[in-house]
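One structure, as structure tokens, below. Some questions next.
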Amino acid sequence: MSEPQDPLRSLFHQAGAVGQARAAAPPVARIAARGRRAYRRRMAVLAAGACLVIAAGGTAVAALLPGRPVTVAPAGPPSLRLGPSSTSPPPMRDLPLPGRTTLGAPTMPSGGSLESTYPPTTQPPSYPTRTSPSSP
């Protein structure tokens, strides 16, 4: 028995024969270029992933380290750093140092010679005077 001729089946066979005749492998250079592009993409993704892992690890280590540094206000006059409502200790330059006396500011008396004014508790140092031998 012979099979009846199906027009659709014969059209599919015809299309397959044309496709096989036109089908050819792409050139080797095109295949190699496609492989190189895929390799570069994989390496870029791997490098980006490694950077993210390193950054996340560094952040985690920094967050877990004890002894975080204390933030310090910038140098400047206390009035610029602190508002009028905040209380702060007086600056160190205004505090007297224990065991030290400060000399007064130099003054110019009416006689015209420059001398220093000392507090009453501190006397200026006295140095021995040297006398020259008298010759006969």
Quiz item: For the side-chain contact (heavy atoms from CB on, under 4.5 Å) test, which of M43, R37, R42 pairs with R40?
Solution: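 Exactly one candidate clears the test, R37.
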Quiz item: Distance from H13 atom NE2 to D6 atom CG, nearest 0.5 Å?
Solution: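 One gets 9.5 Å once the value is rounded to the nearest 0.5 Å.
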Quiz item: Is there a path of hydrophobic side-chain contacts, each under 4.5 Å between heavy atoms of I, L, V, M, F, W or Y residues, that connects V18 with L11?
Solution: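 In one cluster with V18: L11, no.
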Self-check item: Co-members of I54 in a cluster of I, L, V, M, F, W and Y side chains, linked at under 4.5 Å
Solution: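 Besides I54, the cluster holds no residue at all.
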